[in-house]
Each structure stands twice: as structure tokens, then as C-alpha cells.
Amino acid sequence: MNAADQRPSPDMRVRLGTLELRNPVMTASGTFGSGREFSDFVDLERLGAVVTKGVSMEPWPGNDSPRIAETASGMLNSIGLQNPGVERFVERDLAWLRTLDVPVVVNVSGHSTGEYARVIERIEQAGGADAYEVNISCPNVDAGGMVFGTACGPASEVTRSCRAATQRPLIVKLSPNVTDVVEIAKAVASEGADAVALINTLLGMAIDAESRRPKLARVVGGLSGPAIKPIALRMVWQVAAALDIPVVGMGGITTAEDAVEFMLAGASGVAIGTANFVDPTTTLRVIDGLTTWCRERDVARVADLIGALET
Amino acid sequence: MNAADQRPSPDMRVRLGTLELRNPVMTASGTFGSGREFSDFVDLERLGAVVTKGVSMEPWPGNDSPRIAETASGMLNSIGLQNPGVERFVERDLAWLRTLDVPVVVNVSGHSTGEYARVIERIEQAGGADAYEVNISCPNVDAGGMVFGTACGPASEVTRSCRAATQRPLIVKLSPNVTDVVEIAKAVASEGADAVALINTLLGMAIDAESRRPKLARVVGGLSGPAIKPIALRMVWQVAAALDIPVVGMGGITTAEDAVEFMLAGASGVAIGTANFVDPTTTLRVIDGLTTWCRERDVARVADLIGALET
Amino acid sequence: MTGEAHTHPRSHPPVLESTPVVVNDRVAEGIGLLVLDAPLVATHVQPGQFVHLRVAEGTDFILRRPFSVHRVVGGRIEILYQVLGRGTRQMSELEQGDVIDVVGPLGNGWTLPDDASHALLVAGGLGAAPLGMWAERLAERGVAVSVAQGAPYSERLVARELFERVARRVEIATDDGSAGERGFVTGPAERLIRSGEVEVVFACGPERMQQAVANLAAAAGIPCQVSLERLMACGIGACLSCVVSTTEGLKRACVDGPVFDASTIKWESSEVPPKH
Amino acid sequence: MTGEAHTHPRSHPPVLESTPVVVNDRVAEGIGLLVLDAPLVATHVQPGQFVHLRVAEGTDFILRRPFSVHRVVGGRIEILYQVLGRGTRQMSELEQGDVIDVVGPLGNGWTLPDDASHALLVAGGLGAAPLGMWAERLAERGVAVSVAQGAPYSERLVARELFERVARRVEIATDDGSAGERGFVTGPAERLIRSGEVEVVFACGPERMQQAVANLAAAAGIPCQVSLERLMACGIGACLSCVVSTTEGLKRACVDGPVFDASTIKWESSEVPPKH
Ligand SMILES: Cc1cc2nc3c(=O)[nH]c(=O)nc-3n(C[C@H](O)[C@H](O)[C@H](O)COP(=O)(O)OP(=O)(O)OC[C@H]3O[C@@H](n4cnc5c(N)ncnc54)[C@H](O)[C@@H]3O)c2cc1C
Ligand SMILES: Cc1cc2nc3c(=O)[nH]c(=O)nc-3n(C[C@H](O)[C@H](O)[C@H](O)COP(=O)(O)OP(=O)(O)OC[C@H]3O[C@@H](n4cnc5c(N)ncnc54)[C@H](O)[C@@H]3O)c2cc1C
Ligand SMILES: Cc1cc2nc3c(=O)[nH]c(=O)nc-3n(C[C@H](O)[C@H](O)[C@H](O)COP(=O)(O)O)c2cc1C
Ligand SMILES: Cc1cc2nc3c(=O)[nH]c(=O)nc-3n(C[C@H](O)[C@H](O)[C@H](O)COP(=O)(O)O)c2cc1C
Ligand code: FES
Ligand code: FES
């Protein structure tokens, strides 16, 4: 393996439409705050992109506590998109992120079709983000969220109105809680989404047998972590095979090898979510591991892995 | 805890429609063979019911190997309903099971609506089973299987034709790979299903990064085991809340506490699947554990747990 | 004295440290003492801060577990833990020489109001853990320390020796009367607060107990700080799993707490669900 | 002689046994020898049968892992294992006194055709594992044993001493020529088969090697048994994850095998995917 270190560094760049990333490794929305929270552990400028926590027009209080529960190889969360609203986000978080040399993808939430677009417009007024990720798949809010992501009609509508609000790359984040994810992906692609991100969390539930109560105050929440990786990989593979636009893959990635698997399945970028909680340096570990992985196998461009699964 | 042992034994019986079980613990189809394979480890007459491997009219060869892959807290399988056909099943397996004092639930597969009903008719001619479980949710076969279970129309149709073929309890086994499991459950209930069983496996995929190949010859397979428990619990809870007919819950159950959680969520019976592979005596451990659990907490009837979740 | 308890000097940023296990002893039924060789955390940790432990390295997914730093001795940190579930069971199996990784120091610790010369520490059960270092520190600073400590039974009075060593007075209550008076720690706490001697209260334990103590302090017109437990995923302010309802809105226990000015807490908010 | 290799006396039904680890040693780079105190399995296991090991007890889900019984010594069973992935890595961390649970004996082992007096054992890599006991048993029965053994390099010739002790002749091939001839085990195997001396062949190793050996035996007109590896979930015939295509249809490696009459195998069927 020492010999490997002498070999040339692989080209780690990938593209999501017009957005070029220095490497494929992004953060998964909601698991990395606005990036600043992780800056004691991670040099943010090494990341492919920072994807922010979801932001809505007005402040959202989120759901009652308890909001998380550990499950076998995963966790449930019912945070419920708690955020201080776009004004505060622009002033405090976006302004800070803009001082860094890293692409910023703002994850956008809304109670209504119109709200998504208004959030984007507000950010555009403030100078814009490098890309927007439209979350039509949060299982943790009653109005909004997943309801937009589980049927083609609403998914198209949200995409159309966001598309009208910005020229910048628009990534639509899909829900896995559907019969046919390809159908939804096609619907948003045909409305001008530049890329799709998947998967968001799977709707799940945990019960404390002793107290006979749900472990989450909201009863149900979103399942994430290694447990869902097989489902995420399958959906990435299905969508990447059916669509021409790039796919950002996520769901349980904790190692460079996981990232390779998602890229082989067709992902152009990958995002690290729940694994950040177990090891706050996971993003860097995956970037370094991916680079080494390519170098040791004479993969000249990491992009050569995209969709290279041999079936 | 010694005091607990002095307390009266709880009544462990539960009902699935007209089918009475001596306890709620069943086997999950496809993980327990025809029961005989486990008879070196399990006294089958102690089980709530034996649910057989899926049987179709003609022999099915199943899918190519490799057929399984281990994943985080779970496994994928793409067995593909390999079975020797109903004739051989009746002669060899059913005849043997009938010599035992345990309810036998025959899991039924088909390539077409008509095939399901014909399998049931053939078994009825041979004296019948104690109940039928209609598998409209296998993700591992191209024709048949999941395609019947992911839309209301085909699900209703299969149920209707099976209902016409037998007076005995009819359990319809639902797919979790749907946007709205309640809708499908309602559709099959309205066609006369006596109970629903859920969940079957979630469609997933695993990749070997090194060889760039899928780990399963069929590429995709069904995810089972503890990883899926939160999704299974959520679906059981949703369906039990929406329907009047009993629910058989399964997905990752390995302990008596897991079984309690499913019952609290609304399951009248529970099935043990993948856990049988890790410990062939899991079914007995769960029965004994459930009995102790009830006794120690002065739960007089295990049936009192059904749907007793406090939300 | 009120807003002030919230202005914390920016404490040292947390680090990720690989720490060898020096000692892992059972100190009472279901309670362990874990001593880690953690020079970086040990140098910077303030009383009331916590660490986020990866209790098992390796293949299987397990969230970190948050634990208060009970004491610092040289480059070592001591953690008192109660065995409850999967994570603490794995902790109890750690052996000398095993290496686990620690994120810390995290959160805001206790702060002493400028003019306070006599502090009451109220410790319910494992609530004694985050008060150990604090009792020592207060005593070093010449602040008089009174302690009200409660536990189910005598053997479970963790850190009792420490308190008896540094405190002017330790009053004990146990559920079964096997040490001190029979009853809850709120009994002695109430007497000590009512005595008029103490000028500030620091409480940790079950949330209902903390609330009762906060009410007693409020009634007596003295400031009170509490240390709240919430389920925590990240431990560093990013995931919003650990929120606490306060008069100033939702706060994160991991970075805005775990120590809060009790007068700001909206107690109706739900704590960690009780353990069986 | 053909159908006969398939008529096995009903072997002892498998049991579930809790077995303490007696020895767990590294015998070569990435290869371990695990000795378990398993009196029940040890009493009943036949050469070529296997056990299904729960390599890690406890909270986390892991399927059992199948391993041949290499030898039986008293009430102990010996397992030779190669460290490849998660399960075997966990095995390599087992320590004396740890207790793991074993299901076994499982499957059908080797059978000696009635009239055979000279057997050739062909062992590729860890394929030596299921042949250890068999070599001993054949020698005890007065059958002449020849062995063709191959491995990547000398150190990896596991069980070489055993073979040299009981066999009339051991011919070796290594990939790097560090022992015996340079090349594959099929070299010596071919010579021994062509010599006309051996009357039956027993082969275990990579599936391609087994196939090549089977072809050589078929060409020479002598019977050959092979031991096939398949991914196994249940190990007891229930799940159908381990199927092998044969002229008699799909067979389960766990109960109808792992030892098969080579002439019945349809070799185009896919084996366990190669390991990195
Ligand atoms: C800031 C802080 C400091 C703490 N200090 C101590 C201490 O010094 N000594 C001590 O014994 N305990 C302390 N706790 C509680 C301790 O974190 C839990 O008891 C422990 O995480 C339980 O883990 P488990 O795996 O045994 O339980 P499980 O029930 O298996 O854990 C499941 C999940 O719930 C979480 N959890 C369970 N109970 C609690 C709880 N009471 N508080 C927070 N999370 C919980 C776990 O972290 C995990 O994510 C502290 C908690 C916090 C938030
Ligand atoms: C009947 C039989 C006897 C065997 N005897 C031996 C032996 O004596 N010594 C030895 O070193 N190995 C033997 N093997 C192979 C051994 O079972 C695998 O090497 C081992 O399971 C790998 O586990 P892992 O967790 O390290 O690999 P992982 O790749 O992490 O395992 C993932 C999954 O694949 C399965 N798997 C991986 N490789 C194989 C394989 N080659 N065969 C079957 N399943 C596999 C595992 O059991 C597990 O379910 C035998 C296999 C069979 C079927
Ligand atoms: C605590 C938590 C909060 C999340 N918040 C958001 C969010 O605000 N917006 C969003 O699009 N996804 C959110 N997600 C989903 C993740 O971005 C990601 O899609 C999912 O967790 C799967 O990836 P993982 O398994 O790597 O965590 C959240 C996930 C977690 C665990
Ligand atoms: C190897 C395997 C084979 C299966 N075969 C069938 C089948 O034939 N018919 C069926 O309805 N379900 C089948 N299932 C699904 C299980 O019955 C069960 O619904 C699912 O595995 C979830 O439960 P578990 O997590 O406890 O395994 C199979 C599952 C596995 C793992
Ligand atoms: S634990 Fe993540 S914000 Fe507090
Ligand atoms: S491993 Fe289950 S049938 Fe062979």
C-alpha cells in the first residue's frame, strides 16, 4: 500500500449541473447545523459543499421533546424543521458561511408551495446561495414537508415555483416513503430540477414497552443511519438509471467505502448525515478515504465511479 | 422477580378472526421452511402458528445466487419464492404438519390473480389449512409478488378471488414499499380479508465496492431484520388504528420486548423472521419471555396489550 | 445576579481525544466509575461541563452518550455512571487499556454569582456526578458549601465521601432510610434553603426534583442553577434534539446548557422519559 | 459407486451448544485456529460437516458464520479460519474463556466408496480445513491417503503437518514457489490422478479449482467429492439461500451438502463472490 502513496492524486471534482464541487462529499441537511457547529472538528473549506439545516420563511418551533430515539443501526428524529426563519438565517448563518471558500447549499422548507419560492427569493435578494436544496420530503411536519414529496402533482408544483425563483442550481430532495420514487424524480426533473437528492428519512416509530408510550413525543419520526443504507442505495440506483440529471446520494454513509457504493449506484455527490453524530470528523474521513481508495486502485477521476456498477 | 413466578400464568391466547392461537407468536413465511427444518430446535406444538414458506401452483426455481447479503442490523434476500409447487407441498409438507397439534397457515404466492386462488383451492381439496396468508408483497419476483401489493386495484382483486376460494381465515400480507399502506389495507379488508400481516421486506440493494458488483445476483432484494423494525412498528400502528380487522406484526422481532412493542402498536399476533437464523430457538425465547413479561407486570391476558399504546 | 449566571466566558473549544481506560470499577449496585486518561479534556473542562463518549468503537452504530465530568485528577477525568441501557452496559464492560474516544469539554458549566459566599448543592441520585468537581472548586475558592444529597439507599450515595471532605455540612435522605432521613432530598434541601444561610443553589438530579428545588430557591429569593438532561445526538449544537423550553425561547441543552438559570426554565417541557 | 456417495446415514441431529473458547491462535498471516470446548458437537460430528457459529453474542445483529470442523480432539473441536470480513474479524478477537454458541454438526460430510483403498485429498488454501479430520479418519481405516495441497505461500499451508503425519504422500504447490512447486494445486492433483493409483478424490478450495479437479477425476473415470461454499443464513435447510445447481435440481449446500458428488454439479452456477 505504500506504493499507492506515490501514485498521482486522483481528480476528486464532480459536478452537480453547473455547480462544481472540489469533491463529492457534502453534509446532509439538518445533521450539520449551519456548519459552524462543526468547525471545531472540520475544516469546512475541505468539504464538497455545506448543506444547511432547513430554513423556512417564518421561524418554526419544531416538535415537542423527546425528539430522537436510537434504533438498531439507526436513529429516529422528529426535530420538525425547527429554524429561526429566513431573516435570521441570512443575517447570522449565511453571512458567516459566505466568508468561507466552500459552496453553500441552502436547504429550503415550506408550509405551502409559495413559501418555498419566497424563501429562495429572500436569499437571492441577499446575494444567493451556491445552490438550493428543496426539501419536499420531511416526514416530521404536518403541513408541508413529506406531503409535497409523495405525489407527483405537489412535487412538480413546488419545483416549478422554485425554478421560477432562481437561476441557480436547484436540487430537489426526495422522499423514500413512496411506491415509486422514479416517478417523482421524473416529475421534478421535468419541471427543471438540476439534480435530485435522496433519500430523506423513512417514516418510523419506536415504543418503550415498559411505559407503553412512543419514544418520540410526536409518535413517529424519520429513520436514518446505516439501517437504511440498502434502501437508499436501491433508490439512488433506480433514479440514476432512469434520469439524466445528477443524483446526490445519502442514507447511512459512514465510510469511504459506503460513499463509493453510492457513486457506483449512480450518485454524483454523496452526503453524510447521522454519521456526523457518532464521529464529528466523518466528512473528512470519507474525503480522505475516498481519495486513498481511488489512488490505490488507479481511478484517475472520482467521477469515473459514477454509475460504474456492473450489473 | 422470584415473587413474580408465584403469580398466575397469564392467558396467552389471541384471536385472528375465527382462528384462535395458543399464543401470539408465529413464524414469518420463508424463514422457517415448512417448520420441519426447525424441529430439532423448536417444539412446534408450542408455537402460536407455523406459517409456511410461500407456495405456488407450479414449482418455482427462485433467483440466481448469491441470494443473501448481510447489512447493518439486517439482511437482504432475493430467494424469489423458490418452492416445489403446491402438489409436492401438500404431499410432503402439509401432510407432515397435519400430524402436529399446531395451527398451520399456508403462505400463498402467484404469478396471476387466478394462481393464488387455485393454490388455495388445491389445498382446500386436500383438507385445507387453518388459515391462508396471501403474499401480495414479495419484492423478489418479477411477475406477481409485490406488483399486486403496491396498488389498491390488484390487491383488491387478489383478495376477492382468494376470498371466493375459501371460508377459512384469510390473512393478506402487505408490502411496506408503498406511499400509503393504510389505503391498501383498507382495500383488502373491504374485499373480505380477515386479517392483514405486515410488513414484508423493504426493497433494498447492496454493492461490493471492490468488484463493482451488486452483492445479490438479482441486484435488488428484500431487507429484513432489526434494521426495519421502526418502519414495521409505524405501519402496524397506522393500519391497526385505521382498521377493525386484526393485524399480524413482523419486522425485526428478536426479543419478547420487541413482541410487546408490536402488540402495543396494535398487532394481535407477531411473527419471527430473520431472527430465526441468528438463534433457531428465537420463537420459544419470545414465547417464554412474553409470558414472563406479562406475569411480572400482572397483565392477565396478553391480548390486553393489543393496541394499548398510550399516545 | 440574574442575567449574569448566563454570561459564560467562551470556554475551551471541544476536542476529539482518544482516551485509554485507566480504571473502570463498580462503586455500587449498577453504578460504575470510569477513569479516562484524557489530558486535553482534563486541562480545559469546567465544573458542570460534560463529555460525549463513544462507548463502543467498531462496526456497529451507536450514538455517543453524554456524561458529566465528575472530577479531574491530573490528566484524568472521572465519570460516574449508572448502568441503564445498551450504552452504559457496554461502558460497564470496558477494561483497563481499552481506548475510547471522547468529545469534550462540552456545554456550559456552573457559575458562581460574584457575591455568593455560601452555596447549597442539591444532588439527587446520579445528580451528584456533575457536582463533584464543583464542590471541590467552590471549597478551594473559599466558598462555604452545604450539600443535600439523596439516593434510593445508602450504598447509592455516590460521591458522599467527596462531599463530606469538602462541605461544611452534608444532609442526607434515602428512600429507605438506610442513611440520613427517610424521604426525598427535597426535605433537607428545603430546610437548608429556609435556614437563610445559603446564597445560591446548584441542583442536579431527576427533573421533578430540580423543579421543586428551583421553586424553593425562588420562594426564598435566591438564585438557582440546574443541570438538565436531554437526549442528545450531536452534543455540539447542530441537531436540535436536546431543546429546553425557556423564557428566552428554545435552548439547546448541549451548548446553551446543560446548566441553566432555573428561573428561565419552563418546567412543563418534557424531560428524558423515565427509565425502567 | 455413483449414487452411493449420496446415501448418508442420518447423521446426528444438530444441537445448539454454548462453547467456551479454549484456544484462539494466529497460525499464519490472517489465519486463526479456534478451539472450542464442544462435547456434544465433538461426539457427533463427521468429517466434512460444519458448524454455524454465532461469532458475537449480544445486542448487535450478525448472521451466523459457517465453518468446517477441522479436527476433533477429545471433547473439543478445532476450526481453521481465514480473517476476511466483519464476522471473522470478531472471531479473531475472541479470547480464552469467552463463550460462543454453536449450531452443529450440520450438513453431509465426506463418504468413502466401499471399495476404495487409496484416496486423493486436494486442498486449496483454507480448503484444507474440512479435509483434516477426513485424512485422519481415512488413515485410521487403513485407506492410503495422498494429498495435493496448494496455498499462496509456504506459511499459508495450513494443516500441512497433519497431512504429512497421516498421508503416504503430500505434494505441494504455492503461488510464489516458497514451498513445493510454483503454481496451482491442480498441477500436483493432475499428476496424482493421472498416476492411476488413486481411486477416489476429495477436493475443497476455490470453486474453480474444485471444478478443475472434478474434471480431471471424471476424465480419469474415478469418483470425486467436492465441498461447496455458499452464503448461508439458516444453515439448517429452511431459507434456501445456499442453493447449488445439480443434475438433480437445486440442492441446499447446508443440508444436501456441503459435500456433493462432483458429477452432479452444474458448475456454471455462481459461487460465493470472490473476496477482496
Ligand atoms: C449533559 C448530560 C450529562 C449526563 N451525565 C451523566 C452522568 O454523569 N452519569 C450518568 O450516569 N448519566 C449521565 N447522563 C445520562 C446518560 O447520558 C444516560 O444515562 C445514558 O446516555 C444512557 O445510555 P444507555 O445506552 O445506557 O441508555 P439507553 O436507554 O439504551 O439509551 C438510548 C438513548 O437514550 C439516551 N439517554 C437515555 N437516558 C438518558 C438520559 N437520562 N439523559 C440523556 N440521554 C439519555 C442515550 O444517550 C441514547 O441516545 C447525562 C446526560 C446528559 C444529557
Ligand atoms: C460449509 C462451509 C464451510 C466453511 N468452512 C470454512 C472454514 O473451515 N474456514 C474458513 O476460513 N472459512 C470457511 N467457510 C467460509 C466462511 O464461512 C466465510 O469465510 C465467513 O463466513 C466469512 O465471514 P466474514 O464475516 O469474515 O465475511 P463477510 O464478508 O463480512 O461476511 C458477510 C456474509 O457473507 C458470508 N460469507 C462470506 N464469505 C463466505 C464464504 N466464502 N462462504 C460462505 N459464506 C461466506 C458470511 O457468512 C456472511 O453472511 C466455510 C463456508 C461454508 C459455507
Ligand atoms: C436530526 C436530523 C435532522 C434532519 N433535518 C433535515 C432537514 O432539515 N432537511 C432535510 O432535507 N433533511 C433533514 N434530515 C435528513 C438528512 O439530511 C438525510 O437525508 C437523512 O438523515 C439520511 O441520511 P443519513 O442516514 O446519513 O443521516 C435530517 C436528519 C436528521 C437525522
Ligand atoms: C429469507 C427470507 C425469505 C422470505 N420468504 C418469504 C415468503 O416466501 N413469503 C412471504 O410472505 N414473506 C417472505 N419473507 C418475508 C418475511 O416473512 C417477513 O415478512 C420479513 O422478513 C420481515 O420480518 P423479519 O424482519 O422478522 O424477518 C422472507 C424473508 C426472508 C428473510
Ligand atoms: S445534542 Fe445536537 S443540538 Fe444538542
Ligand atoms: S442456509 Fe438456509 S437453506 Fe441452506
query: Does the pair Met263(A) and Ile207(B) meet the rule for a side chain to side chain contact (heavy atoms under 4.5 Å, CB included), with working shown?
result: CA-CA 10 Å; Met263(A) 295 191 72; Ile207(B) 292 173; over 6 Å; no
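Options Ala227(A), Gly225(A), Pro226(A) differ in how many heavy-atom pairs under 4.5 Å they form with chain B, and the most are formed by Ala227(A). For the set Asp258(B), Leu264(B), Ile228(B), Asp180(B), the count of heavy-atom pairs under 4.5 angstrom toward chain A peaks at Leu264(B).
Defined by atom type and a distance below 3.5 Å, a donor-acceptor pair is present between the side-chain atoms of Thr179(A) and Thr179(B).
With a 4.5 Å cut-off on non-hydrogen atoms, Ala206(B) touches chain A through its backbone but not through its side chain. Contact of Val178(B) with chain A is made through backbone and side chain together, with heavy-atom distances under 4.5 Å. Proximity to chain A (any heavy atom under 4.5 Å) is shown, for Ala69(B), by neither the backbone nor the side chain.
The number of heavy-atom neighbours closer than 6.0 Å to CZ of Arg297(B), taken from other residues, nucleotides and ligands shown, is above 12. Residue-environment remark: CZ (Arg285(B)) exceeds the threshold of 12 foreign heavy atoms within 6.0 Å.
Nearest heavy-atom pair, Leu309(B) versus Pro214(A), reported as atom, atom and distance to 0.1 Å: CD1-N, 3.9 Å. Nearest heavy atoms, Glu310(B) versus Ser211(A): OE1-O, 4.1 Å.
The distance from the CD atom of Glu261(B) to the CZ atom of Arg212(A) is 12.5 Å, given to the nearest 0.5 Å. Taking CG of Leu216(B) as the start and OG1 of Thr311(A) as the end, the distance is 12.5 Å to the nearest 0.5 Å.
For residues 229-242 of chain A, a heavy-atom distance under 4.5 Å to chain B picks out Pro230(A), Ile231(A), Leu233(A), Arg234(A), Trp237(A), Gln238(A), given by residue number.
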